[in-house]
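Throughout, a chain's letter reflects where its sequence line sits, starting with A, and its residues are numbered from 1.
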There are 2 protein chains.
Amino acid sequence: MSPRRGLTRESIVKTASDLLDQDPSRDLTLAELARHLGVRTPSLYNHIGSLDELRQEIAIYGARELADRLGSAAIGRSGETALVAVAWAYRDFAVNRPGLHLATQRAPEPGQTELNAAAHAILEILMRVLEPFELSEKEQIHAIRALRAMVHGFVSLEQAGGFGMPVDLDESFQYLVDTYIAQVTSGTRSALS
Amino acid sequence: MSPRRGLTRESIVKTASDLLDQDPSRDLTLAELARHLGVRTPSLYNHIGSLDELRQEIAIYGARELADRLGSAAIGRSGETALVAVAWAYRDFAVNRPGLHLATQRAPEPGQTELNAAAHAILEILMRVLEPFELSEKEQIHAIRALRAMVHGFVSLEQAGGFGMPVDLDESFQYLVDTYIAQVTSGTRSALS
DNA sequence: AGTATAAACTAACACCCGTAGTTTGGCAAG
DNA sequence: CTTGCCAAACTACGGGTGTTAGTTTATACT
């Protein structure tokens with residue numbers, strides 16, 4: 001018994017992501033991944049080119065998942081409500097899939113069109129959500145960078161155990177979101193709902 | 001020729017940090033480290049317990065360096081001026097020592113008293129800088145977490161090449177700092193210089 | 001001068017990623 | 001139903017890594 005075990009590039013990426021979620025601190029090893037798939041290590045090379053390529057594939061998978069979640073969170077909402085929903089959706093992603101979130105955080109290679117596409121999708125969602133605030137072009141870039149920095153920084157520190165004090169993390173995150181909304185609505189007072 | 005080459009735990013940590021700064025994306029290898037020190041790999045084990053322990057040592061070194069820089073930046077300043085100086089000192093640290101900054105970002109082990117001590121030193125500096133704004137105890141925690149999240153998130157994304165748009169990064173960072181200051185001074189209007 | 005100690009070494013093991021070449025199962029055409 | 005092709009699994013192996021054990025040797029202290 002052996003050949004035709006039914007591996008797929010997608011199934012490999014998926015179980016690798018699950019393994020990373022179970023213990024985000026350990027670094028991925030093809031040997032353990034093959035073990036969990038009931039297969040010998042070299043068999044993986046029928047579906048992936050290298051460990052590094054697999055890591056990139058996981059990053060793409062994570063970026064797409066994140067884009068999906070952010071997009072869903074913004075459906076049917078606008079203004080501050082949409083902003084809050086998107087911020088919390090990002091945090092939920094990092095909390096629910098810590099290993100995948102960490103793996104997604106890689107420097108994109110120059111020719112990585114797929115990863116860049118996913119990153120661009122996220123960028124477009126944020127631009128759409130910020131539209132009602134009618135910022136100037138330059139301000140919009142600053143605002144998007146600020147949003148990403150705040151949310152990403154918070155969840156990264158939270159995930160790394162960087163927040164030791166016994167104060168509720170949800171409250172702190174809401175404080176951060178409020179800070180952002182105050183800044184982005186400081187010009188316009190037309191923020192809805 | 002050989003014995004008494006003059007290794008030290010500190011010298012090992014230092015050259016390891018330098019190597020990481022030269023290429024923050026590569027992962028540290030004892031073999032290459034030994035090569036750069038003019039020594040065989042096992043010789044390192046006379047000074048360190050394991051690769052993981054060395055990584056922790058580097059993290060401690062980075063945290064102390066960061067605490068020093070933040071402390072220096074805050075000397076002789078107060079209020080908004082101190083806040084701005086500390087934020088930029090953090091960013092300078094991440095820009096000047098990218099590998100060390102990345103290595104510092106590890107989940108602290110429970111019994112890591114030295115790393116926790118360095119983290120506590122940073123916490124105290126931030127508390128001192130926030131003193132003049134007279135926040136409530138809970139608000140102060142939120143404000144500290146927000147500051148760390150914003151600055152850390154920005155430099156992490158910047159370092160990872162996450163900001164693609166052709167807009168000045170310094171301006172974006174200043175926008176972020178302004179956002180924070182607006183929030184933290186929203187109660188008190190007594191902010192100085 | 002002589003000895004103890006600790007810092008370097010060599011040798012060896014286990015584990016990892018990755019390649020080469022071999023076996024084998026399933027699908028498609030005759 | 002048979003036959004042949006192809007791709008997915010395999011075994012075997014090489015080069016690299018972290019780590020341990022045991023050996024040599026330079027330095028520091030008596």
* So, does A:Ser50 use its side chain to make a donor-acceptor pair with the main chain of A:Glu53 at under 3.5 Å? -> yes
* Tell me: CG of A:Leu37 to C1' of D:dA8, nearest whole Å? -> 14 Å
* Asked: On the ring face of A:Phe93, is A:Arg69 found with NZ or CZ under 6.0 Å from the centre and within 45° of the axis?
  -> no
Which atom pairs, donor and acceptor, lie under 3.5 Å between side-chain atoms of residues 153-160 of chain B and protein residues at least two apart or in another chain?
from: B:Ser156; atom 1: OG; to: B:His152; atom 2: O; distance (Å): 2.8
from: B:Ser156; atom 1: OG; to: B:His152; atom 2: NE2; distance (Å): 3.3
from: B:Glu158; atom 1: OE1; to: B:Arg91; atom 2: NE; distance (Å): 3.0
from: B:Glu158; atom 1: OE2; to: B:Arg91; atom 2: NH2; distance (Å): 2.8
from: B:Gln159; atom 1: OE1; to: B:His101; atom 2: ND1; distance (Å): 3.4
from: B:Gln159; atom 1: NE2; to: B:Pro98; atom 2: O; distance (Å): 3.1

* Length of the line joining A:Leu44:CG and C:dC17:P, which is rounded to integer Å -> 9 Å
* Asked: Quick one: the side chain of A:Asn46 and the base of D:dA7, do they pair up donor-acceptor inside 3.5 Å?
  -> no
* **N-O pairing of B:Asp92 and B:Arg97 below 4.0 Å** => no
For nucleotides 4-6 of chain C, which of its nitrogen or oxygen atoms have a protein nitrogen or oxygen under 3.5 Å away, and what is each distance?
from: C:dA6; atom 1: N3; to: B:Arg4; atom 2: NH2; distance (Å): 2.9

* Residue A:Arg40 excluded, over 12 heavy atoms near CZ under 6.0 Å -> no
* To do: Taking only the side-chain nitrogens and oxygens of B:Ser43, find out if one of them lies under 4.0 Å from OP1 or OP2 of C:dA7.
  => no
* Can you find a side chain N or O atom of A:His47 that sits less than 4.0 Å from OP1 or OP2 on D:dA7? -> no
* Find the distance B:Ile12:CD1 to C:dA8:C1' and express it as a whole number of Å. => 12 Å
* Heavy atoms under 4.0 Å is the rule here; annotate nucleotides 17-22 of chain D 5' to 3' with B where the base is hit, S where only the sugar-phosphate is, and - elsewhere. => SSBB--
* Structure fact -> Rounded to whole Å, the CZ-C1' distance (A:Arg40 to D:dC10) equals 8 Å
* **Whole-Å distance separating the CG atom of B:Leu7 from the P atom of D:dA26** => 16 Å
